[in-house]
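In what follows, a structure is listed as structure tokens, so that the remarks can point back to it.
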Amino acid sequence: MTLSVGSKINFRRTFTKEDVEIFTKVSWDEGTHHTTPDDKGRLVIQGLLTATLPTKIGGENDVLAHTMNFNFLKPVYTGDTITCEAIIEKYTQKENGRVSIQASFTCNNQDEVEVMRGMFAGVIL
């Protein structure tokens, strides 16, 4: 995909119990809300696991991020399907031949409830 100002990039993921278990081991984020199911049998997804959605978008476009901001608005649970949409806000060709970008993003669950928003900026490798 060729990026430019206004480009929209989407990615969707359904989080599983296995995702939480693996991320818990890697991150050591072992809060009981991540390890003990609620009354509906769901685990709360770690915020930084949810944040892998916009980082995947950056990764698919070879963005080396230098700034990332996340606003976690609502909890995400196992079984939730989250859609992340990033919009390229700035796209600047630098003198050194690199391209600098900045993007904003929103993440909504399957009920169209916004669960996270933020921005990232970096250079395309």
Would M119 and T67 count as a side-chain contact (heavy atoms from CB on, under 4.5 Å) if you check the C-alpha gap in whole Å, the side-chain angles of each, and the deciding distance to 0.1 Å? CA-CA 8 Å; M119 62 78 62; T67 304; 4.0 Å; yes

With sequence neighbours excluded, what pairs up with E18 under the side chain to side chain contact (heavy atoms under 4.5 Å, CB included) test? T16, I22

Could you tell me the separation between the OG1 atom of T106 and the CG atom of N71, rounded to the nearest 0.5 Å? 12.0 Å

With T36 via side chain to side chain donor-acceptor pair (under 3.5 Å) - residues at least two apart: none

Not counting sequence neighbours, list each pair that qualifies as a salt bridge (charged side-chain N to carboxylate O under 4.0 Å, His left out) and has a residue in residues 61-82. none

Among residues two or more places apart or on two chains, list those pairs meeting ring-ring contact (aromatic ring centres under 6.0 Å, His included) that have a residue in residues 92-116. F70-F105

When rounded to the nearest 0.5 angstrom, what is the spacing between CZ in F23 and CD in Q46? 5.5 Å

4.5 Å side-chain heavy-atom contact, L3 and I9: yes

Those residues that, when tested against R12, pass side chain to side chain donor-acceptor pair (under 3.5 Å) (two or more places apart): T83

How would you list, by chain and number, every residue that makes a side chain to side chain donor-acceptor pair (under 3.5 Å) with E21, sequence neighbours excluded? none

Could you tell me which non-hydrogen atom of T78 sits nearest to which non-hydrogen atom of G41, and how far apart they are? OG1-O, 4.5 Å

State plainly whether one hydrophobic cluster holds both V63 and V5, where clusters connect Ile, Leu, Val, Met, Phe, Trp and Tyr through side-chain heavy atoms under 4.5 angstrom apart. yes

By salt bridge (Lys or Arg N to Asp or Glu O under 4.0 Å), which residues pair with D19, not counting sequence neighbours? R13

Using atom types as modelled, flag every donor-acceptor pair under 3.5 Å from a side chain in residues 86-101 to any protein atom, sequence neighbours excluded.
residue	atom	partner	partner atom	Å
E89	OE2	S104	OG	2.6
Q93	NE2	G97	O	3.0
N96	OD1	R98	N	2.9

Scan for salt bridge (charged side-chain N to carboxylate O under 4.0 Å, His left out) pairs involving residues 114-125, sequence neighbours excluded, and state none if there are none. E114-R117

Looking at side-chain heavy atoms only, is the closest gap between V44 and Y77 below 4.5 Å? yes

The criterion is ring-ring contact (aromatic ring centres under 6.0 Å, His included); which residues satisfy it with F15, sequence neighbours excluded? none

Do the side chains of N109 and I82 get nearer than 4.5 Å, heavy atoms only? yes

Do you know which two heavy atoms are closest between P37 and L43, and how far apart they sit? N-CD2, 3.5 Å

Is P54 close to M68 at the side-chain level, that is, under 4.5 Å between some pair of heavy atoms? no

I'd like to check the side chain to side chain donor-acceptor pair (under 3.5 Å) partners of T14; sequence neighbours left out, ordered by chain and number. T81

Using modelled atom types and a 3.5 Å cut-off, is there a donor and acceptor pairing between side-chain atoms of D38 and backbone atoms of K40? yes

Taken in chain and number order and not counting sequence neighbours, the residues that satisfy side chain to side chain contact (heavy atoms under 4.5 Å, CB included) with D39 are none

Going only through I, L, V, M, F, W and Y residues with side-chain contacts under 4.5 Å, is there a path from L73 to L49? no

Do F120 and T55 touch side chain to side chain, with heavy atoms closer than 4.5 Å? no

Do V115 and L48 land in one hydrophobic cluster if side-chain heavy atoms of ILVMFWY residues count as linked below 4.5 Å? yes

